[in-house]
Chemist: 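Below: one structure in structure tokens.
Given the structure is predicted, the values throughout are model-derived calculations rather than measurements.
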Amino acid sequence: MHQPISRSLTKKARELFRRGEPIPEGYLRPEILESWQRSQSYGLEFDKADKRLISKEALAERIQERRELYNTATLVMERLYDFTAGSGCLTTLSDEEGYVLFAMGDEGIMEIARKNSFVEGCNRNERRLGTNGIGTPLVTNQPIQVFAEEHYYELHYNWVCSGAPILGTSGKPIGVFCVTALFDKVSFHTLGLAAAAADSITQQIAMKKAYDSITRIQQHTKTIVECVPTGILLCNSDLTVIMTNSRATGLLMLPETQIVGKKLHEPLGKESFSADSLPSILDGKHITIERNNVSHKFFFTLNISSTGDYVITFLKSDSLPKSEPRVIGSEAYFRFEDIVGQVPAMQNAVSLARIAADNDSTVLVTGESGTGKELFAQAIHNAGRRRHGPFVALNCAALPKSLIESELFGFESGTFTGARREGNAGKFELANGGTIFLDEIGDMSLDVQASLLRVLQSREVTRLGSSRATKIDVRIIAATNRNLLDAIEDSVFRTDLFYRLNVFSIHIPPLRDRASDIRLLADYFLRKYASLTARMVNGFTEEAYRAMEAHPWPGNIRELENVIERAIYVTTTPFIGLDSLLLRNVSPRMSARLRVMHPEPGPTASKADAALAAAFRSGESSEAVKKALQLTNGNMRRSAELLDVSLRTLYRRIAEMGLSPAALRRFAEE
């Protein structure tokens, strides 16, 4: 803020400006000169101005659209007037376009302002009136006091305007608070008053927005909590209940006032217990609660949030599936927001997965081990209409053939030696209404594949030892790290099952094809594991980044995560260096396998592709197929790519040529 320059110097500066001559230093404040130059560039004249008013209806509409600004500012202005009444000042509120929304002051100054069309509904934008205390702050985003002849429009020479911008949450002006008076009725300190008032309005609007945001979050949280089909008790670190849902009040038969604000043991009717003993008392336990001399049995589960609060969920024990009391604690944790990756192949996979989430089609997720196939499956489940249902996962390669059928389909009592007396529901029954994730589907035995195919076709499941079929409503997501078409060729996977599963296929690229994602993933895992320790690890050295980007990562993201977790614990410096990264050498056999699965493109490969494709089309199919199989080490999918045909076309041509699997293997080995 600058003290005003004498009116005589300002008048001289104006004359020089009119004639287009240089203005000596000290004749005019720089910010005023800049505003004059802008005003001149707008094509404005000193003695002409656009003083049209908008209609009362248009003014009312503007006020309604800026209701938050209007209500907050007018309240401040009315309080301020209690102290400025009789001072001969006019206070105004303008919006971000310079329209005056509200004006108040002593009757004398109000009458003068009316004669000058300085009333509600006028526009004081710099583009319309030139330099003034409302339009100029909207341009500069700074408070300013415009004295007499500093105004661009000549009829304003007897005014002094002190204006300050009111800022929105983005930091841009959403309005201007201005104090205007005749030249002999105002002091330099009036600008401080205007700036303080504008700042007060800015702060109050920001506080209201923050409060409204918190209120919305609380409302959303309450809505989410109310949608959960179990009772919920949210407790802070000293086990005081701070939130519940209507399901909990109904189950406990207590009003909310007798639950919220109480220690956890009180609504449960138990003796006081400590937070340390909470897991052993509640987690996975059946608790009996007495109400009106009647015993009610509930099953409780416990989770601890990242903020240290306790989330207790419970429901009546008799509403649990007898075979799986912990099913209410089973859930899919990952969402699309947890998937890190910017390379096009990864973005395409995420886009396809989002489409899959919008329907109930069977999904087949392919990709090498460690690429994150279950992460995708959980994200699809959590984004779909079944997100409130169970998510049940089964690794088909982790169970022996003798057990996988009983795990998938369940069994009746006495079906086999050691079977539970009450029988057992299979994964399909437990997943009813939700999603079942069948990982490593390519390792399932042929006889189990036949049973699975019947389930997919009929949408009903029959327990082992039973003749009664149970209808199920389950969304199926399967995953494999095998090439199922090669497995079909080797007669270890059913063709009909493949086409039942391959309705909506999603391929997740290996980490070695995502070099530009390595830094993003490394930083993500660093934040994840560093937050769990007291170690101050801030990042990676450039050498470490480059080494990770060059590594082939045969274990993919799982390997990268393990490497970074270990590095955080062993590093002795704030930045993880190459010496802390355990990057194991890849064996020659593994290197060869990686090269075959993902050959690097080059000029020779490009020419070979074109030549093979031409040979295949020209009738030399046998030689072209033989050469393609040699180049790809027998990989049918890659061979089809080299020949520029679909996999189905390649298989059909091989069948037409009468080539046996043994012959194809000989081609690949030659």
Side-chain angles (χ1 to χ4, degrees), residues 1-51 84 87-92 94 98 100 105-106 108-109 112-113 115-118 122-165 173 176-199:
M1 299 181 189
H2 302 282
Q3 290 285 353
I5 296 171
S6 70
R7 295 185 70 177
S8 59
L9 287 178
T10 304
K11 290 177 181 178
K12 291 178 181 178
R14 177 177 290 278
E15 291 304 318
L16 293 171
F17 186 81
R18 280 177 179 273
R19 296 196 298 266
E21 298 178 11
I23 299 175
E25 185 176 352
Y27 275 48
L28 192 68
R29 288 184 290 159
E31 60 267 33
I32 298 297
L33 177 58
E34 290 172 3
S35 179
W36 282 7
Q37 291 169 340
R38 285 195 302 272
S39 302
Q40 190 179 60
S41 70
Y42 302 146
L44 300 179
E45 300 179 32
F46 290 113
D47 56 351
K48 293 180 182 178
D50 184 354
K51 301 202 121 187
T84 60
S87 64
C89 292
L90 171 70
T91 58
T92 58
S94 306
V100 175
D106 297 335
I109 191 68
I112 297 173
K115 292 179 180 179
N116 196 25
S117 297
F118 188 13
C122 72
N123 187 291
R124 313 295 279 189
N125 193 293
E126 196 180 65
R127 287 182 175 273
R128 294 182 69 170
L129 288 182
T131 309
N132 70 90
I134 293 175
T136 301
L138 288 174
V139 177
T140 64
N141 205 10
Q142 296 292 328
I144 192 170
Q145 193 168 43
V146 182
F147 297 88
E149 283 82 2
E150 289 181 335
H151 287 89
Y152 194 81
Y153 184 43
E154 291 179 347
L155 289 183
H156 294 163
Y157 288 177
N158 289 329
W159 296 93
V160 174
C161 299
S162 306
V176 172
F177 177 85
C178 186
V179 180
T180 302
L182 295 177
F183 185 83
D184 57 352
K185 299 286 186 181
V186 73
S187 72
F188 171 72
H189 301 290
T190 307
L191 180 59
L193 174 67
D199 185 62

Chemist: How close do Val179 and Ala194 get, heavy atom to heavy atom, and via which atoms?
Modeler: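 Scanning both residues completely, I find the closest heavy atoms to be CG2-CB, 4.2 Å.
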Chemist: Measuring from atom CD1 of Ile32 to atom CZ of Phe147, what distance do you get when rounded to the nearest 0.5 angstrom?
Modeler: 9.0 Å
Chemist: When you measure from the side chain of Asn158 to the backbone of Leu182, do you find a donor-acceptor pair of N or O atoms at a distance under 3.5 Å?
Modeler: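 Not at all, since once roles are kept as given, no pair shorter than 3.5 Å links the two residues.
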Chemist: Between Glu150 and Ser35, is there a side-chain heavy-atom distance shorter than 4.5 Å?
Modeler: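 The answer is no; the side chains never approach within 4.5 Å.
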Chemist: Do you know the tightest heavy-atom contact between Gly130 and Leu44?
Modeler: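 Reported closest heavy-atom pair: N-CD1, 3.3 Å.
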Chemist: Give, for atom CD of Glu31 and atom OG1 of Thr140, the distance between the pair rounded to the nearest 0.5 Å.
Modeler: 8.5 Å
Chemist: Judged by atom type as modelled, is there a donor-acceptor pair below 3.5 Å linking the side chain of Asn132 to the main-chain atoms of Gly135?
Modeler: yes
Chemist: So do Thr92 and Phe118 actually touch side chain to side chain, heavy atoms under 4.5 Å?
Modeler: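 Phe118 vs Thr92: side chains touch.
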Chemist: Calculate, to the nearest 0.5 Å, the distance between atoms SG and CG belonging to Cys161 and Leu191 respectively.
Modeler: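 Spacing of SG (Cys161) from CG (Leu191) equals 11.5 Å.
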Chemist: Looking at OG of Ser39 and CD of Glu34, how far apart are the two atoms once the value is rounded to the nearest 0.5 Å?
Modeler: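 One gets 11.5 Å once the value is rounded to the nearest 0.5 Å.
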Chemist: Pro165 versus Pro143: any side-chain heavy-atom pair under 4.5 Å?
Modeler: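 Sidechains of Pro143 and Pro165: in contact.
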Chemist: Tell me if a side-chain donor or acceptor on Asp106 pairs with a main-chain N or O of Gly108 at a distance below 3.5 Å.
Modeler: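 Such a contact is absent between Asp106 side chain and Gly108 backbone.
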Chemist: Among residues at least two apart in sequence or on other chains, which ones pass salt bridge (charged side-chain N to carboxylate O under 4.0 Å, His left out) with Lys11?
Modeler: Glu149
Chemist: Who pairs with Arg38 by salt bridge (charged side-chain N to carboxylate O under 4.0 Å, His left out), at least two apart in sequence or on another chain?
Modeler: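 Salt bridge (charged side-chain N to carboxylate O under 4.0 Å, His left out) list for Arg38, sorted by chain: Glu126.
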Chemist: Does Glu21 have more than 12 heavy atoms from other residues, nucleotides or ligands lying within 6.0 Å of its CD?
Modeler: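 Correct, the count exceeds 12.
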Chemist: Under a 3.5 Å distance rule, please check whether Lys51 uses its side chain to pair with a backbone N or O of Asn116 as donor and acceptor.
Modeler: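 Yes; at least one donor-acceptor contact below 3.5 Å.
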Chemist: Are any of the side-chain heavy atoms of His151 and Leu129 separated by less than 4.5 Å?
Modeler: no
Chemist: Report yes if the side chains of His156 and Val146 come closer than 4.5 Å at any heavy-atom pair, otherwise no.
Modeler: no
Chemist: For residues Val100 and Ser94, report the shortest heavy-atom separation together with the two atoms involved.
Modeler: CG2-OG, 3.7 Å
Chemist: Could you tell me which non-hydrogen atom of Leu9 sits nearest to which non-hydrogen atom of Gly26, and how far apart they are?
Modeler: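 Heavy atoms only, the tightest pair is CD1-O, 3.8 Å.
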Chemist: State, to 0.1 Å, how close Ser162 and Gln145 come at their nearest heavy-atom pair, and which atoms those are.
Modeler: OG-NE2, 2.7 Å
Chemist: Nearest 0.5 angstrom please: Arg124 CZ to Tyr153 OH, how far?
Modeler: 9.0 Å
Chemist: Do Ile112 and Leu90 have side-chain heavy atoms sitting under 4.5 Å apart?
Modeler: no
Chemist: Does Phe183 have Arg7 sitting over its ring (NZ/CZ under 6.0 Å from centre, angle to axis within 45°)?
Modeler: yes
Chemist: Is the closest side-chain heavy-atom distance between Arg14 and Leu28 below 4.5 Å?
Modeler: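 Side-chain contact under 4.5 Å: no.
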Chemist: Do the non-hydrogen side-chain atoms of Pro24 and Leu16 ever get within less than 4.5 Å of each other?
Modeler: yes
Chemist: Out of curiosity, Tyr152 OH to Gln37 CD, how far, rounded to the nearest 0.5 Å?
Modeler: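 Result: 10.5 Å between the selected atoms.
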Chemist: Please lay out, stage by stage, how Ile23 and Leu33 fare under the test side-chain contact (heavy atoms from CB on, under 4.5 Å).
Modeler: CA-CA 9 Å; Ile23 299 175; Leu33 177 58; 3.8 Å; yes
Chemist: Work out which heavy atom in Leu138 is nearest to a heavy atom in Gly98; give both atom names and the distance.
Modeler: CD1-N, 3.6 Å
